Structures are given as structure tokens and as C-alpha cells.
2 protein chains.
Amino acid sequence: MMELTRKGEYAIRGIVYLATQPAEQVCLLSDIASAVDVPQTFLAKIFQQFSKIGLVRSYRGTGGGFVLGRSPDKITLLEVVEAVEGPIAPNRCVTGEGECSRDADCTVHPVWVSVQNQVRDILARVTLLDLSGR
Amino acid sequence: MMELTRKGEYAIRGIVYLATQPAEQVCLLSDIASAVDVPQTFLAKIFQQFSKIGLVRSYRGTGGGFVLGRSPDKITLLEVVEAVEGPIAPNRCVTGEGECSRDADCTVHPVWVSVQNQVRDILARVTLLDLSGR
DNA sequence: CCAAATAAGATTATTTATATCCTATTTAGT
DNA sequence: ACTAAATAGGATATAAATAATCTTATTTGG
């Protein structure tokens, strides 16, 4: 239960790789993909998502590629994971998506809230700097 | 991310209902299913799983049905969830299913272990007695 | 023996995950 | 301007997991 998908796994590998590179070093998608062993076309989609929310910056055309959008100590694992997997939510009732309406005072709800908070907290405390091992 | 499936949601509803019933009260599957608003055939499969590991006891034939396998304060939410959803594992690398072999000292691994422990801990502290609201 | 139950296996439908492909657009360098 | 090198984005394909149903078997009380 609660497993990260391939997409999430690949996303982390890819952006952690960027974090290990010298600051402002523009990296080719093909290089990243082969370095972290992820299908390039898949990684492209993931980095497009990152790019839209500023986690990475992209440069098109010859000499283009990707760079981290902020310094590695300012990007948390939580942001990375939620960017591609969606919000951390052990049950839909904690995302506000109805449910629980079944039962006015659902006794399980607070448990899910607690799980959600704990997990978010753990992931929010880890930065790409931590993960880069530098 | 990390969402409980319908099966898990149904499983909890079903067994919590049992916990709200008088001890040793044998309940009809059809009654449980309609009370907690779950397809009966689906709930049947779930309770079969519960039965195999002793979370509930089943009685076949006329007058048959289901009862909790132990007193509600001795059954944790963790057991219930893992019974139907499999082990809590935010990433396969924490279940021992290879991976991580990619990277001898994976920096993310300890984070997943931490998440796994925290979640398990939270769920293990909640019993069916707590959830029954009695 | 019959009717009421659960057990178990097979099957089906739907959704999500995991990609890949193709075309468009941008950009540096000549 | 032209070309080659890149990313962007939409469409499509395949596989796996989820969600559910159906059918047949087995058990049991009366």
C-alpha cells in the first residue's frame, strides 16, 4: 500500500541528478536519462511538469537542456513528489473529494489526517541538497 | 499519492461495523453490506481474506455469518489495512523487492523507511474499539 | 432433503500506469 | 536564411491493477 509509482521514482532520480551537478550547469535530457536509467521520453514528460511549476528551468534549441529552478536546499522532496504524484492523501476524504459524507462523524477520518500530516512533514524536511549527498 | 483503494475503504467500513455490534453477534453479509453501503459480492471477497488470517470468524450455512475474530481492542487498523492492501510501503525498495540495487547507497531510502515506520506506527495505535465509537 | 449461507474460482469492465510516437517550436551557429 | 539540436505538447498504444460480478461448490440448521 501507498506505493510511489514509476513516474515518482523516475522524477526523484532525475531531479536529484540535477542537484548533484554544478549550479547552473545545463544538462541534456539524454544525459540525465541515461545517467539515472529512465526512458528518455518518459523523463521528458516529467521534466515538463517540473518546468511548469518552476522546479526546473528548461532551455530549448541547440545547447538547451535543464537546470534546477532553485538552489537544491530550497527544493523539498515533498514538492517533487507532489508535483508528479499529486497531493499526499491516504484517503480521498482528506482531499475534500466528498466521501466521508456517508458518515457525519467518521471516526477514521482523523487517522488519515494524521497520516497525511506526518508523511508530508517527513518529506518536507528533506531537501534535494540532502539527497544529493554533497 | 498513497491512496487507499476502494477495497481498503470497504474493508474498514465492514469490519468497523462488526466492531459496533454486540460481541459474538453473528452478522449476515447482506446486512453488513447494506449497512455500510458496499457491494455484497465485493465485501464477501474481503471478508474471506479477513477470515483466513483470523480477523473475523465465519460460519457457513443457515444462520451463518461473520463475527470479529478477536475483541475490538485487540485488532488494529494496521492489521486491517495490510490484510487487504498489502504491506505499507511507500516504495518497493523498503519491501526488499530489489530496486535501490541501482545505487549502492541510495540517499532516499532512509526517507522511505521513515515514512513507512511513521505510518505503520499511527495505524498500529488505532484499534477497532477506537473506531467503533463505543 | 431443502433452503440459507459462505467459499472459491473464473470472468469481465473500467481505470490507471507506463510508456512511445509524431509534429511543432525554439535556438545557436554558420 | 538555413540547418541541426533541443525541448514542448498532443495523440496513441499497451499492460497492469482495480473493481466488480457470475457461477458453482460446500456447509449447516431445521
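In this text, all values refer to a predicted model and were calculated from it rather than measured experimentally.
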* Rounded distance [0.5 Å steps], OH in A:Y10 versus CD1 in A:I32 ->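 Answer for the OH-CD1 pair, A:Y10 versus A:I32, is 15.5 Å.
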
* With A:E85 via salt bridge (charged side-chain N to carboxylate O under 4.0 Å, His left out) - residues at least two apart ->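 A:E85 satisfies salt bridge (charged side-chain N to carboxylate O under 4.0 Å, His left out) with no residue once adjacent residues are dropped.
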
Taking [atom1] from [X] and [atom2] from [N], how many angstroms apart are they, rounded to a whole number?
| X | N | atom1 | atom2 | result |
| --- | --- | --- | --- | --- |
| B:F50 | C:dT6 | CZ | C1' | 16 Å |
| B:Q49 | D:dA20 | CD | P | 15 Å |
| B:R57 | D:dT28 | CZ | C1' | 17 Å |

* To do: Check each residue of residues 23-34 of chain A for a non-hydrogen atom within less than 4.0 Å of any atom in DNA chain C, then write out the ones that pass by number, or none.
  =>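 None - not one residue of the stretch has a heavy atom sitting under 4.0 Å from the strand.
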
* Asked: In residues 59-71 of chain A, what residues come within less than 4.0 Å of DNA chain C, judged by heavy atoms?
  ->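 Of all residues in residues 59-71 of chain A, the ones placing a heavy atom under 4.0 Å from DNA chain C are A:R60, A:G61, A:T62.
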
Is a side-chain N or O of [X] found less than 3.5 angstrom from the main chain of [Y], in a donor-acceptor match?
| X | Y | result |
| --- | --- | --- |
| A:Q118 | B:V119 | no |
| B:T107 | A:L131 | yes |
| A:Q116 | A:P90 | no |

* Asked: What residue pairs, at least two apart or across chains, pass salt bridge (Lys or Arg N to Asp or Glu O under 4.0 Å) with a residue in residues 63-77 of chain B?
  ->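 Qualifying pairs: B:R70-B:E79.
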
* Between protein and nucleotides 8-23 of chain C, map the contacts as a letter string: B base, S sugar-phosphate only, - none, heavy atoms under 4.0 Å, written 5' to 3'. => BB--------SSB---

* Can you spot which of A:K7, A:R13, A:R6 makes a side-chain hydrogen bond (donor to acceptor under 3.5 Å, both in side chains) with A:E9? =>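 Of the listed options, the one satisfying the test is A:R13.
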
* Hey, any chance A:V16 and A:L129 share a hydrophobic cluster, counting ILVMFWY side chains that come within less than 4.5 Å of each other, even indirectly? ->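 Hydrophobic grouping puts A:V16 apart from A:L129.
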
* B:D31: side chain to side chain donor-acceptor pair (under 3.5 Å) partners, not counting sequence neighbours ->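 Testing B:D31 for side chain to side chain donor-acceptor pair (under 3.5 Å), a comparison that skips the adjacent residues, returns none.
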
* B:T127/B:D130 under side chain to side chain donor-acceptor pair (under 3.5 Å): CA gap, chis, key distance, verdict -> CA-CA 5 Å; B:T127 70; B:D130 301 327; 3.3 Å; yes

